[in-house]
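Just so you know, these numbers use all the heavy atoms, side chains as well, and skip hydrogens, waters and symmetry mates.
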Amino acid sequence: MDERTQAEVLDVARRYLVGESADPEVAEITVPEFHEPMEVFSVAFRGAGYEFETVVESFGPAEISGDTASVHARQRLVPKGRKGTEQSQELTIQLVNREGWKVRDLLFEGSSLAARCHRVLVEPAEAEGIAIRGWARDQSDGTVCVALLVRNDSQRRWRVRGAGAVWEKGRLWFLSQAVWKMLFLGSEATLPPGIQLGAVLAPPAKIERVWLRASRRGSLRSQLFALSWEQARLDASAVPFKWNKRLSLRLAVRAVPFVGLAVLVAVFASVPAALVASALFAGTAVLETHWCLYRLKHKLARFRAQSASVGGR
């Protein structure tokens with residue numbers, strides 16, 4: 001094996017491990033189709049407070065076959081941001097020779113990171129100077145992690161917030177959707193001119209689409225963005241039970257009707273009165289959510305029709 005070639009492969013792999021995906025130096029040693037999702041996830045996690053320092057514990061040697069190569073490594077991620085826990089990872093860095101050696105994929109426990117990432121469909125991708133890029137990554141526990149980059153290229157200050165979400169139909173679909181909408185509406189951020197904002201979403205498994213709304217102070221106009229993704233369906237029997245924050249959120253959503261009824265019983269001191277009040281409150285929330293989603297879907301359909309007419313000219 002050519003010692004010079006092996007040294008070049010090891011150098012590229014090590015630089016990739018200890019670098020940041022958003023750095024220009026790392027972009028030069030990564031193939032574009034793999035660099036884009038890694039850049040979006042890196043900036044989004046950093047914006048959410050997840051920053052890590054990489055400590056390489058073991059490394060190499062390189063296995064080279066023609067224009068492809070692989071390097072096995074073990075790394076330790078030490079948190080230096082306000083979130084995250086220390087973790088160790090064993091991975092394989094896959095490289096390809098494209099006018100120089102470049103990283104094309106990472107394997108974790110034999111699973112391809114590139115194959116687990118898919119682009120988030122953003123409609124529209126840019127409007128009024130607000131541009132959104134997004135990637136989704138299927139997790140080993142059957143959930144999906146969504147990373148977003150929102151950039152303000154206009155000269156105005158915008159407020160970006162959640163406007164709603166669409167669930168697959170199932171038990172307690174209407175009420176769960178109403179409760180999630182109330183929780184999701186609490187998330188918003190201010191975006192000054194020339195600023196890029198990263199965000200990470202960990203939506204429940206049944207959510208198919210979310211809407212973001214960008215608005216300006218003192219203006220009645222707002223811009224709506226629809227974000228859609230596809231999630232890989234894993235065999236539920238192969239996914240071990242794990243208590244986490246998403247499970248806690250799902251249980252909390254399911255418990256809302258019972259907690260609300262208990263509160264109303266205590267307030268009205270009457271079970272029939274509490275049932276009537278509960279039905280009125282729940283019905284109002286369901287109707288308001290249904291009407292909101294109807295309007296959002298109508299706006300999305302109108303945008304798609306306009307895009308199709310423009311593309312057909």
* **Heavy-atom check, side chain of L113 versus side chain of R137, under 4.5 Å** => yes

* To do: Examine distances only and state if a side-chain atom of T30 and a backbone atom of V26 form a donor-acceptor pair shorter than 3.5 Å.
  => yes

* **Approximate separation, where rounding is to 0.5 Å, of D23 CG and Y16 OH** => 11.5 Å

* Asked: Roughly how far, to the nearest 0.5 Å, is CG of L77 from CD of E53?
  -> 10.0 Å

* Give the cluster check for V18 versus L10: same hydrophobic cluster or not, with ILVMFWY residues linked at side-chain heavy-atom distances below 4.5 Å. => yes

For residues 66-73, which side-chain N or O atoms pair as donor and acceptor with protein atoms under 3.5 Å away, sequence neighbours left out?
residue, atom, partner, partner atom, Å
T68, OG1, S65, O, 3.0
H72, ND1, T92, OG1, 2.9
H72, NE2, E63, OE2, 3.4

* Within a strict 4.5 Å, meaning less than it, do heavy atoms of the L148 and L201 side chains meet? -> yes

* Trace of the side-chain hydrogen bond (donor to acceptor under 3.5 Å, both in side chains) decision for R209 with S228 -> CA-CA 5 Å; R209 178 185 298 121; S228 310; 2.8 Å; yes

* Quick check: does any side chain N or O of N152 sit under 3.5 Å from a backbone N or O of L191, one acting as donor and the other as acceptor? -> yes

* Is Q6 close to P61 at the side-chain level, that is, under 4.5 Å between some pair of heavy atoms? -> yes

* **ILVMFWY cluster, L121 and I132 together (side-chain gap under 4.5 Å)** => no

* Is any side-chain heavy atom of L17 less than 4.5 Å from a side-chain heavy atom of L91? -> yes

* To do: Find the distance between CD (E28) and CZ (R15) and round it off to the nearest 0.5 Å.
  => 7.5 Å

* Heavy-atom pair of closest approach, residues V120 and A136 -> CG2-N, 3.7 Å

* Would you say the side-chain atoms of K102 pair up with the backbone N or O of N97, donor to acceptor, closer than 3.5 Å? -> no

* **Cluster link V96 to L107, ILVMFWY, side chain under 4.5 Å** => no

* Asked: So do the side chains of R76 and E86 get within less than 4.5 Å of each other, counting heavy atoms only?
  -> yes

* To the nearest 0.5 angstrom, please state how far the OG atom of S222 sits from the CZ atom of R159. => 9.5 Å

* Between Q223 and E128, is a side-chain hydrogen bond (donor to acceptor under 3.5 Å, both in side chains) present by the stated rule, with each step listed? -> CA-CA 8 Å; Q223 183 60 49; E128 303 262 356; over 6 Å; no

* Please name the pair of heavy atoms, one in H118 and one in W135, separated by the smallest distance, quoted to 0.1 Å. => C-CE3, 3.3 Å

* To do: Begin with the C-alpha distance, continue with both residues' side-chain angles, and end with the deciding distance and a verdict on salt bridge (charged side-chain N to carboxylate O under 4.0 Å, His left out) for R104 and E33.
  => CA-CA 8 Å; R104 65 179 177 90; E33 60 269 25; over 6 Å; no

* Ion pair present between E20 and R46, side-chain N to carboxylate O less than 4.0 angstrom? -> yes

* **Between CH2 on residue W101 and CD1 on residue I29, distance to nearest 0.5 Å** => 13.5 Å

* Side chain proximity check, F34 to Q94, heavy atoms < 4.5 angstrom -> no

* So does R156 have more than 12 non-hydrogen atoms from other groups sitting under 6.0 Å from CZ? -> no

* Asked: Where the side chain of E36 meets the backbone of E39, is there a donor-acceptor pair that is under 3.5 Å apart?
  -> no

* Kindly confirm or rule out a cation-pi arrangement of R213 over F225, judged by NZ or CZ under 6.0 Å from the six-membered ring centre and within 45° of its axis? => no

* **Where D105 and A114 come nearest, the two heavy atoms and their spacing** => OD1-N, 3.0 Å

* To do: Flag the pair V200 / C145 as yes when at least one side-chain heavy-atom distance between them is below 4.5 Å, and no otherwise.
  => yes

* Asked: Does R74 come within less than 4.0 Å of E57, counting only side-chain N to carboxylate O?
  -> yes

* To do: Enter the distance from F45:CZ to E51:CD here, rounded to the nearest 0.5 Å.
  => 12.5 Å

* Asked: Within the distance-only criterion (no hydrogens, no angle test), does the side chain of R116 pair as donor or acceptor with the backbone N or O of D138 below 3.5 angstrom?
  -> yes

* Asked: Is the closest side-chain heavy-atom distance between R161 and L212 below 4.5 Å?
  -> no

* P193 versus S154, closest heavy-atom pair with distance -> CB-O, 3.4 Å

* Closest non-hydrogen atom pair, G129 against E126 -> N-OE2, 3.0 Å

* To do: Check the hydrophobic clustering (I, L, V, M, F, W, Y; side-chain heavy atoms under 4.5 Å; chains of links allowed) and say if V55 and F52 are grouped together.
  => no

* Could you pull out the closest heavy-atom pair between I64 and T5, with the gap in Å? => CD1-CG2, 3.7 Å

